[in-house]
Amino acid sequence: MSADSLLSAFIDAQILLAVSFLLWLAVGRVMALSGVRLAPDARLKVLYLMLPMVLLAPFALGYGAALMPQQVASFNLTDMVVAQYLNGSYELRPTQFEALLSARQNFSDSLLTLNGPLAWSVVTGIAAGTLFFILRLISSILRLRQTISGGHVLHRHGKVSVIISDRVRVAFSTRGIRQQYVVLPFSLLNHPRDLRLVLAHEIQHMRQGDLNWEILLEILKPLFFWNPAFYGWKRQVERLRELACDAAVLERSQVDLRGYCDCLIRAAEDSVQPRRLFAVDMPGVTLVETRSRFVGHSAADLLRQRIEHALERKPGRGFRRIMFLSICAPVLAVTLITGISMQKTQDWSQDRLMLSSIVNLERMDRLNGTLGLGARRY
């Protein structure tokens, strides 16, 4: 793929991420109004299926268009808008309308050639932000390695190690290339019952595969840090994975509901700390959220939702193929159609040729009018 195709796919990925997120919220709203209740683990699995497809779709479509330029879809968003304009749906001068149509391509060209102060500002801002989040990720990994290496191994079973550390205030789970870790604060040793509940909670995160997805999202953050939809998706994943993990742990008969809720509240109280502006969080899945985010609900709201959900214990429908077809498939279909419609066609349509002719006629008429006015002056 050329640099222009990569940039186009990158912009499309940002747009499709926002479109799919809005569709996800709309579907959730419709389901809530219709009384359909899905279990948190079912919704989480749908999100885990959707995210990679949405993010990879623009690059796959762009790569396919580069390999098979003659097979590019004959319809796209630009042709649809042009057809509506020719039918009189928009009140704009032809030159103004053409300028709007070519705005994205002109902007992309200016970014690739660094033409103009705006292009320089955008490229510099994105590059600086990407570098900042890459350095932040590296710093968090180094901090995580220091915490693990400086802790004391409490128990090791297969590829899972339980570590006690005096550098953390809230329990969390994380992983390396081969090994998985549950890191516990020293204060938990004074509460044996809480220790058992925390271990059950973090091991459940490992069973669900949450560690892999959390690390993947952190790796993707430098590419999507400026897109609010990315943080919206991330907050949805964080909320659903905690609700799903709580429900799975509480399904066991030996777990006391009140004791589990008390454990969450005590963990939140022990981990209370003022937020630093550029605090570096270690990559992992914590027992409770410790800081309020700039985007999304606060840590207190998430804790309240978890306790309310645990107390309600209302059964929801589990993950079934019909759920994928009724929820995930429509969102993906609309998202892919949107992605296909944004692809650039190799040849202009009849409507684009007609618009070009109209624009040329307007320019000629304006030129003739200017020349005529100049002749009358002299």
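In this chain, numbering begins with 1 at the start of the sequence shown. Hydrogens, waters and symmetry mates play no part in the numbers below; they use all other heavy atoms, side chains included.
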Cluster overlap [X] with [Y], hydrophobic side-chain contacts below 4.5 Å:
{"X": "Leu243", "Y": "Met50", "result": "no"}
{"X": "Leu47", "Y": "Leu22", "result": "no"}
{"X": "Ile138", "Y": "Phe225", "result": "no"}
{"X": "Leu220", "Y": "Leu131", "result": "no"}
{"X": "Leu216", "Y": "Val46", "result": "yes"}

For residues 199-206, tabulate all N or O donor-acceptor pairs below 3.5 Å that involve a side-chain atom, not counting sequence neighbours.
from   : atom 1 : to     : atom 2 : distance (Å)
His201 : ND1    : Asp246 : OD1    : 3.4
His201 : ND1    : Tyr260 : OH     : 2.8
His201 : NE2    : His205 : NE2    : 3.0
His201 : NE2    : Glu242 : OE1    : 3.1
Glu202 : OE1    : Ser173 : N      : 3.3
Glu202 : OE1    : Ser173 : OG     : 2.8
Glu202 : OE2    : Leu287 : N      : 3.3
Gln204 : OE1    : Arg207 : NH1    : 3.2
Gln204 : NE2    : Gln208 : OE1    : 3.4
His205 : ND1    : Asp210 : OD2    : 2.8
His205 : NE2    : Glu242 : OE1    : 3.4
His205 : NE2    : Glu242 : OE2    : 3.3

Indicate yes or no: does Glu218 engage Lys221 in a salt bridge with an N to O separation below 4.0 Å.
-> yes

Is it true that Glu214 and Arg175 make a salt bridge, defined as a side-chain N closer than 4.0 Å to a carboxylate O?
->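 The answer is no: the pair does not qualify as a salt bridge.
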
With a 4.5 Å limit on heavy-atom distance, are the side chains of [X] and [Y] in contact?
{"X": "Leu137", "Y": "Ser140", "value": "yes"}
{"X": "Ile148", "Y": "Thr174", "value": "yes"}
{"X": "Gln236", "Y": "Arg241", "value": "no"}
{"X": "Leu311", "Y": "Leu257", "value": "yes"}

Is a side-chain donor or acceptor of [X] paired with a backbone partner of [Y] at a separation under 3.5 angstrom?
{"X": "Trp233", "Y": "Leu17", "result": "yes"}
{"X": "Thr124", "Y": "Ser121", "result": "no"}
{"X": "Tyr231", "Y": "Trp226", "result": "no"}
{"X": "Arg167", "Y": "Gln146", "result": "yes"}
{"X": "Trp120", "Y": "Leu114", "result": "yes"}
{"X": "Ser139", "Y": "Leu135", "result": "no"}

Distance-only donor-acceptor check, side chains Asp301 and Gln305, under 3.5 Å | no

Do we see a donor-acceptor contact under 3.5 Å between the side chains of Gln179 and Ser161?
->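 Ser161 and Gln179 do have a side-chain donor-acceptor pair below 3.5 Å.
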
Ile126: side-chain contact (heavy atoms from CB on, under 4.5 Å) partners, not counting sequence neighbours =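 Once residues adjacent in sequence are excluded, the partners of Ile126 under the side-chain contact (heavy atoms from CB on, under 4.5 Å) criterion are Val122, Thr130.
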
Taking only residues two or more places apart in sequence, or in another chain, which ones meet His191 in a side-chain contact (heavy atoms from CB on, under 4.5 Å)?
-> Asp194

In Å, rounded to the nearest 0.5 Å, how long is the span from [atom1] of [X] to [atom2] of [Y]?
{"X": "Leu217", "Y": "Asn212", "atom1": "CG", "atom2": "CG", "result": "11.0 Å"}
{"X": "Asp262", "Y": "Arg193", "atom1": "CG", "atom2": "CZ", "result": "9.5 Å"}
{"X": "Phe21", "Y": "Asn227", "atom1": "CZ", "atom2": "CG", "result": "10.0 Å"}
{"X": "Cys245", "Y": "Arg306", "atom1": "SG", "atom2": "CZ", "result": "7.5 Å"}
{"X": "Cys261", "Y": "Ile265", "atom1": "SG", "atom2": "CD1", "result": "6.5 Å"}
{"X": "Leu112", "Y": "Leu7", "atom1": "CG", "atom2": "CG", "result": "5.0 Å"}

Identify the heavy atoms of Val198 and Cys263 that sit nearest to each other, and give their distance.
->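 In terms of heavy atoms, the two residues are closest at CG2-SG, 3.9 Å.
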
Considering all heavy atoms, the nearest Ala229-Ala18 contact =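 Here Ala229 and Ala18 meet closest at CB-CA, 3.5 Å.
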
Tyr48 vs Val237, side-chain contact (heavy atoms from CB on, under 4.5 Å): CA-CA, chis, key distance, verdict = CA-CA 8 Å; Tyr48 284 165; Val237 169; 3.8 Å; yes

How far apart are the C-alpha atoms of Thr147 and Val168, what are their side-chain angles, what is the distance that settles it, and do they pass the side-chain contact (heavy atoms from CB on, under 4.5 Å) test?
-> CA-CA 8 Å; Thr147 300; Val168 300; 3.9 Å; yes

Taking atom CZ of Arg156 as the centre, does the number of heavy atoms from other residues, nucleotides or ligands within less than 6.0 Å exceed 12?
->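 Atom CZ in Arg156 is not crowded, with 12 or fewer foreign heavy atoms closer than 6.0 Å.
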
Step by step, would you call Ile11 with Ser108 a side-chain contact (heavy atoms from CB on, under 4.5 Å)?
-> CA-CA 9 Å; Ile11 295 175; Ser108 299; 3.8 Å; yes

Could you label the plane-to-plane angle of the Phe224 and Phe10 rings as parallel, tilted or perpendicular, counting under 30° as parallel and over 60° as perpendicular?
->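 Plane angle between 30° and 60°, so tilted.
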
Can you list the steps and then say if Leu223 with Phe133 is a side-chain contact (heavy atoms from CB on, under 4.5 Å)?
-> CA-CA 9 Å; Leu223 297 176; Phe133 280 99; over 6 Å; no

